[in-house]
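Worksheet: the structure to be examined is printed underneath.
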2 protein chains.
Amino acid sequence: MALENLSKDLGRVSTDTMADIVELRLREYFKKKSFKPGDPLPKEMELVAALGVSRNVVREALSRLRMLGMIETRKKRGMLLARPDVLGTFERVLDPLIIDDSTLQDLFELRLVLEMGLADLLFLRKTDKDILQLEKIARDEGHEGEKKFRVKNEIAFHGKLYEMTGNNTLKRFQVMLLPVFGYVTTMEKEEYKIGKVNHVDLVEILKTGTKEDFKAGMYEHLKPHFDSLANK
Amino acid sequence: MALENLSKDLGRVSTDTMADIVELRLREYFKKKSFKPGDPLPKEMELVAALGVSRNVVREALSRLRMLGMIETRKKRGMLLARPDVLGTFERVLDPLIIDDSTLQDLFELRLVLEMGLADLLFLRKTDKDILQLEKIARDEGHEGEKKFRVKNEIAFHGKLYEMTGNNTLKRFQVMLLPVFGYVTTMEKEEYKIGKVNHVDLVEILKTGTKEDFKAGMYEHLKPHFDSLANK
DNA sequence: TAAAGTTATTATGTAGTACATATTATTAAC
DNA sequence: GTTAATAATATGTACTACATAATAACTTTA
């Protein structure tokens with residue numbers, strides 16, 4: 001009999017540590033009791049007694065939840081349920097040097113998807129003031145030719161687009177993905193190519209064109225990236 | 001003098017615990033030494049000695065990194081740097097009941113952005129087989145009228161679209177956002193409205209239309225949601 | 001000599017004790 | 001009745017001890 005089958009028949013013995021289990025139990029407990037942010041939580045020693053494990057284990061589990069921002073602790077007052085920063089935790093593991101190539105590629109594509117999907121929010125919320133600022137960024141890039149500056153400007157321009165959606169989470173998400181994007185583009189040997197439509201053109205479309213024009217323009221702007229996807 | 005200014009002038013005393021500091025130090029250390037997944041890490045006791053803190057503190061910090069999947073531990077062999085699952089950590093804090101309304105709204109919009117931006121990847125990677133499966137899902141929804149089923153089918157259809165992009169991270173991301181989407185839509189009193197373009201129409205466009213047709217169709221399909229954004 | 005079995009070593013996992021510290025509650029002093 | 005001193009409490013940190021699993025080192029045996 002193949003070893004795999006045996007393993008399947010017997011069922012794998014869990015290698016979870018006590019801390020893993022307690023972490024899970026606490027999560028379930030909070031949800032089950034439908035605690036809300038600000039609600040006081042049981043004391044460490046109460047958890048120790050209820051769960052039948054050492055304080056050490058409980059503290060390791062709590063330490064994890066505290067890192068995620070799910071709980072806060074005030075000396076003497078005890079612990080409170082808190083509001084985790086959904087993106088903050090994401091940021092912690094978003095290191096291009098650790099992420100595998102396949103996921104990096106996925107994130108790169110994700111950025112393209114976001115960029116292409118921005119248009120609708122953009123046209124819903126753009127203001128004249130925003131467009132003026134965007135225009136300034138786009139014009140500035142003409143002056144200096146240094147590569148480092150060009151990259152910085154590229155980031156400023158696209159970052160401003162995200163900002164203009166008025167969606168703070170989206171904007172932060174973009175900032176987080178920047179290192180990934182930078183990493184993937186430098187991996188590809190090809191030079192920092194720009195499509196037929198440049199930043200100044202995009203601003204112009206934003207000012208006088210339609211949403212559809214902008215989408216088409218953005219695609220042309222990103223076309224070198226899409227082309228490289230097609231050739232895989 | 002206002003208290004805020006005083007606080008600014010003096011500089012706030014950090015309330016970080018030792019575990020917080022050690023966690024940060026370890027992160028920096030891994031990065032500085034450019035460890036790669038699979039590389040062995042120092043033993044707990046070595047870290048204790050090097051950092052000058054108790055084993056307890058070190059273990060709390062390590063416990064956090066282990067939760068994120070950044071490190072793995074094998075008894076006796078010690079610890080290894082591992083590849084964290086970038087989305088896994090995200091999932092841990094994505095509970096609609098805890099997230100504040102503003103962020104929920106942001107995530108709802110993020111989903112719309114993704115959906116609108118899918119088209120380019122979709123047209124790059126769609127296969128006839130995919131379209132057949134999608135068509136089957138779209139046709140199935142006509143038969144049963146129960147609301148629960150309709151929602152389930154809605155999820156299946158849009159989920160299939162993400163799947164067709166061939167981007168696994170994107171697909172998983174969508175699955176994670178589903179509870180948020182469900183939560184926000186049920187909060188809005190309005191009935192589960194569907195735009196002028198339905199799923200069958202979208203499949204038809206995917207089969208015979210252009211990318212631009214599809215984008216326009218998707219917008220019409222999601223229009224009720226965009227309209228509700230505009231009225232805020 | 002090589003395979004097999006036994007023992008020792010090592011690093012993590014868990015338990016428990018002790019004390020520091022900050023914050024609240026209580027009591028004492030004026 | 002307000003302020004000052006004191007006690008109580010919950011978390012933070014340190015330290016010791018031992019269990020356990022995985023490996024290494026060693027011994028035995030065919």
Side-chain angles (χ1 to χ4, degrees), chain A residues 3 7 10-26 29-30 33 35 37-82 84, chain B residues 3 7 10-26 29-30 33 35 37-82 84:
Chain A
L3 220 149
S7 165
L10 283 172
R12 196 162 200 86
V13 173
S14 165
T15 56
D16 287 355
T17 65
M18 290 293 186
D20 293 328
I21 296 167
V22 170
E23 184 207 332
L24 191 65
R25 287 278 192 88
L26 288 176
Y29 173 71
F30 296 160
K33 290 280 179 177
F35 281 115
D39 288 353
L41 303 177
K43 317 301 172 201
E44 282 183 3
M45 293 314 291
E46 292 172 356
L47 294 174
V48 167
L51 293 163
V53 295
S54 80
R55 188 168 166 228
N56 238 328
V57 168
V58 169
R59 278 190 62 83
E60 282 191 22
L62 289 172
S63 177
R64 298 177 180 187
L65 300 182
R66 203 167 321 128
M67 175 189 62
L68 297 181
M70 292 187 67
I71 63 177
E72 280 176 13
T73 59
R74 305 241 185 284
K75 281 208 173 185
K76 161 77 183 178
R77 280 204 54 187
M79 296 178 288
L80 316 171
L81 198 67
Chain B
L3 220 150
S7 165
L10 282 172
R12 198 164 198 84
V13 173
S14 166
T15 57
D16 287 355
T17 65
M18 290 294 187
D20 293 327
I21 296 167
V22 169
E23 185 207 332
L24 190 66
R25 287 279 193 89
L26 288 176
Y29 173 71
F30 296 160
K33 290 279 180 178
F35 281 115
D39 287 353
L41 304 177
K43 317 302 173 200
E44 282 182 3
M45 293 314 290
E46 292 172 355
L47 294 175
V48 167
L51 292 163
V53 295
S54 80
R55 188 168 166 229
N56 237 327
V57 168
V58 170
R59 278 190 63 82
E60 282 191 22
L62 290 172
S63 176
R64 298 175 180 189
L65 300 182
R66 204 167 326 142
M67 174 188 62
L68 297 181
M70 292 187 67
I71 63 177
E72 281 175 13
T73 60
R74 306 238 184 285
K75 281 210 172 185
K76 160 76 183 177
R77 281 203 53 189
M79 296 177 289
L80 316 171
L81 198 68

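Every chain is numbered from 1 and lettered A, B, ... according to where its sequence line falls, protein lines coming before strand lines.
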Interatomic distance where CD belongs to B/E44 and C1' belongs to D/dC15 [whole Å]:
14 Å

Closest-nucleotide ordering on DNA chain C, the 5'-leading residue of A/V57 and A/K75
A/V57

I need the CZ-C1' distance between A/R66 and D/dT11, as an integer number of Å.
8 Å

With a 4.5 Å cut-off on side-chain heavy atoms, are A/D20 and A/R64 touching?
yes

d(CE, B/M45; P, D/dA14) in whole Å:
12 Å

Taking atom C1' of D/dA14 as reference, at what distance in whole Å does atom CG of B/L51 sit?
15 Å

Give the stems involving DNA chain D, where a stem is 3 or more consecutive Watson-Crick or G-U wobble pairs (i with j, i+1 with j-1, and so on) under 3.5 Å.
C:1-30 with D:1-30

What is the distance, rounded to the nearest whole Å, between atom CG of B/D20 and atom P of D/dG12?
9 Å

After noting the C-alpha distance and the side-chain angles of B/V22 and B/L26, does the key distance pass the side chain to side chain contact (heavy atoms under 4.5 Å, CB included) rule?
CA-CA 6 Å; B/V22 169; B/L26 288 176; 4.0 Å; yes

Is there a side chain to side chain contact (heavy atoms under 4.5 Å, CB included) between B/N56 and A/R59 once you walk through the steps?
CA-CA 9 Å; B/N56 237 327; A/R59 278 190 62 83; 5.9 Å; no

Greater than 12 external heavy atoms within 6.0 Å of B/K43's NZ:
yes

So which heavy atom on B/P42 is nearest to which on B/Y29, and how close?
CG-OH, 3.8 Å

Expressed as a whole number of angstroms, how long is the span from A/R74:CZ to D/dT9:C1'?
17 Å

Do the side-chain N or O atoms of A/R59 get closer than 4.0 angstrom to the phosphate oxygens (OP1, OP2) of D/dG12?
yes

A/R55 side-chain N/O to A/V48 backbone N/O, donor-acceptor pair under 3.5 Å:
no

Below the 4.0 Å mark, does D/dG12 have OP1 or OP2 next to a side-chain nitrogen or oxygen of A/T73?
yes

Distance test, side-chain N/O of B/R77 to OP1/OP2 of D/dA24, below 4.0 Å:
no

N/O-N/O pairs, protein side and nucleotides 16-19 of chain C side, under 3.5 Å:
unit_1, atom_1, unit_2, atom_2, d
C/dG16, O6, A/N56, ND2, 3.4

Rounding to an integer number of Å, can you tell me how far A/K43 NZ sits from C/dT23 P?
15 Å

